[in-house]
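Structure, as structure tokens:
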Amino acid sequence: MKETELDLWQSDVARQNALYDGFSAPWTVGELTKKIRFLLEGQIGEVWVLGEISNFRIPSSGHCYFTLKDETAVINAVFFRSDAQKLTFELKDGLSVVVRGLLTVYETKGQYQLRVLEAKKKGAGSLLEKFEELKRKLSQEGLFDLSRKKSSLFFQKK
């Protein structure tokens, strides 16, 4: 996708608004966020994304919230309960998945996110595997041994 395809200043009204000097009113945060949402949802549409799940949680609503990540970036994701109930496997931290979803903007927080519609399991994520390997290595070196632990001066009682 070319940068010019998501040109926020493509309309005459938007260009005039950018020249704010008393002749036109500035956009509110809500108006700008709605414009960004409209552009993202209209230009990108449905996508398939490969990533590793982290920060997985299910609040009382039953919706699944997590971060999809790779070695260079992260994106927040929401998997609504009605769609997530169709899964034949359990989502969890460290799982590598390919998800189909829609890029959207959660206007309340002004954050873009992926609304997941479907997920396919790819296996254990390489980032989690690397983390677990590092923990094993450090543990073998005795770095997690409680006898080596030093007390923090900050938390000591006086």
Side-chain angles (χ1 to χ4, degrees), residues 1-15 17-18 25-141 143-144 146 149 152 155:
M1 175 179 299
K2 298 176 185 170
E3 267 185 57
T4 56
E5 290 181 34
L6 285 177
D7 182 4
L8 288 176
W9 312 114
Q10 60 191 343
S11 71
D12 290 336
V13 173
R15 268 195 236 75
N17 193 20
W27 288 354
T28 65
V29 173
E31 290 167 338
L32 179 59
T33 303
K34 282 182 191 293
K35 176 73 171 176
I36 292 168
R37 179 178 180 186
F38 174 78
L39 288 170
L40 281 178
E41 291 177 358
Q43 293 290 322
I44 295 179
E46 193 173 288
V47 294
W48 284 93
V49 181
L50 170 64
E52 185 174 315
I53 295 174
S54 67
N55 302 314
F56 182 78
R57 63 200 180 287
I58 303 176
S60 60
S61 65
H63 305 318
C64 302
Y65 296 93
F66 53 94
T67 301
L68 269 183
K69 64 181 181 177
D70 62 19
E71 292 184 0
T72 62
V74 298
I75 185 170
N76 290 330
V78 58
F79 201 173
F80 291 123
R81 180 180 47 186
S82 58
D83 294 320
Q85 288 175 335
K86 299 172 189 170
L87 286 178
T88 58
F89 61 94
E90 182 182 338
L91 297 177
K92 60 183 178 181
D93 285 342
L95 185 66
S96 182
V97 292
V98 175
V99 298
R100 179 177 63 88
L102 300 167
L103 194 60
T104 187
V105 174
Y106 180 49
E107 291 182 28
T108 305
K109 291 191 174 186
Q111 297 175 334
Y112 77 96
Q113 66 183 5
L114 189 63
R115 179 177 168 232
V116 177
L117 303 170
E118 177 183 0
K120 296 180 184 275
K121 187 176 179 179
K122 292 296 281 183
S126 63
L127 295 175
L128 179 63
E129 289 173 2
K130 289 177 185 176
F131 175 70
E132 292 297 334
E133 178 58 33
L134 178 61
K135 277 181 26 183
R136 278 191 294 276
K137 179 183 171 195
L138 296 176
S139 181
Q140 288 171 353
E141 292 176 13
L143 296 178
F144 295 127
L146 292 178
K149 186 176 180 179
S152 170
F155 292 109

Subject >> Side-chain touch Ile53/Leu91, heavy atoms, less than 4.5 angstrom >> reply: yes
**OP:** Of all the heavy-atom pairs spanning Ser96 and Leu50, show the shortest one and how long it is.
**Re:** OG-CD1, 4.0 Å
Original post:
Could you give the distance from NZ (Lys92) to OG (Ser54), rounded to the nearest 0.5 Å?
Top reply: 14.5 Å
Subject >> CA sep, side-chain torsions, deciding dist, call: Trp48, Lys120, side-chain contact (heavy atoms from CB on, under 4.5 Å) >> reply: CA-CA 10 Å; Trp48 284 93; Lys120 296 180 184 275; 3.7 Å; yes
Subject >> Minimum side-chain heavy-atom gap Val49-Val98 below 4.5 Å >> reply: no
Original post:
Do other residues, nucleotides or ligands put more than 12 heavy atoms under 6.0 Å from the OH atom of Tyr65?
Top reply: yes
Original post:
Just checking, any donor-acceptor pair under 3.5 angstrom between side chains of Glu41 and Thr104?
Top reply: yes
Original post:
Once the angle between the rings of Phe66 and Phe79 is folded into 0 to 90°, is it parallel (under 30°), tilted (30 to 60°) or perpendicular (over 60°)?
Top reply: perpendicular
**OP:** Specify the closest pair of heavy atoms between Arg81 and Gly62, including all atoms of both residues, with the distance to one decimal.
**Re:** CB-O, 3.4 Å
**OP:** Please answer whether the main-chain N or O of Lys135 pairs with a side-chain N or O of Ser139 as donor and acceptor at a distance below 3.5 Å.
**Re:** no
Original post:
Where do Leu87 and Ala119 come nearest, in terms of heavy atoms and distance?
Top reply: CD2-O, 3.7 Å
**OP:** Would you mind reporting whether Val105 and Thr33 have side-chain heavy atoms less than 4.5 Å apart?
**Re:** yes
Original post:
So do Leu114 and Val99 actually touch side chain to side chain, heavy atoms under 4.5 Å?
Top reply: yes
Original post:
Has the side chain of Asp70 got a donor or acceptor atom that lies under 3.5 Å from a matching backbone atom of Gly51?
Top reply: no
Subject >> Derivation of the side-chain contact (heavy atoms from CB on, under 4.5 Å) call for Arg115 and Asp83 >> reply: CA-CA 10 Å; Arg115 179 177 168 232; Asp83 294 320; 3.8 Å; yes
Original post:
Can you check side-chain contact (heavy atoms from CB on, under 4.5 Å) on Val47 and Arg100, steps first, answer last?
Top reply: CA-CA 6 Å; Val47 294; Arg100 179 177 63 88; over 6 Å; no
Subject >> Closest contact, heavy atoms only, Leu103 versus Gln113 >> reply: CD1-O, 3.5 Å
Subject >> Point-to-point distance, once rounded to the nearest 0.5 Å, from CG of Leu117 to NZ of Lys86 >> reply: 8.5 Å
Original post:
Any side-chain heavy-atom pair from Asn55 and Asn76 closer than 4.5 angstrom?
Top reply: no
**OP:** Assess whether atom CZ of Phe80 is packed by more than 12 heavy atoms of other residues, nucleotides or ligands within 6.0 Å.
**Re:** yes
Subject >> Exercise: identify the closest heavy-atom pair between Lys121 and Phe89 >> reply: N-CZ, 3.6 Å
Original post:
Got a sec: does the CD of Glu46 have more than 12 other heavy atoms crowding it under 6.0 Å?
Top reply: yes
**OP:** Kindly compute the distance separating NE2 (His63) from CZ (Arg57), expressed to the nearest 0.5 Å.
**Re:** 12.5 Å
**OP:** Evaluate the criterion side-chain contact (heavy atoms from CB on, under 4.5 Å) for residue pair Val78 and Val116; output intermediate values, then yes/no.
**Re:** CA-CA 6 Å; Val78 58; Val116 177; over 6 Å; no
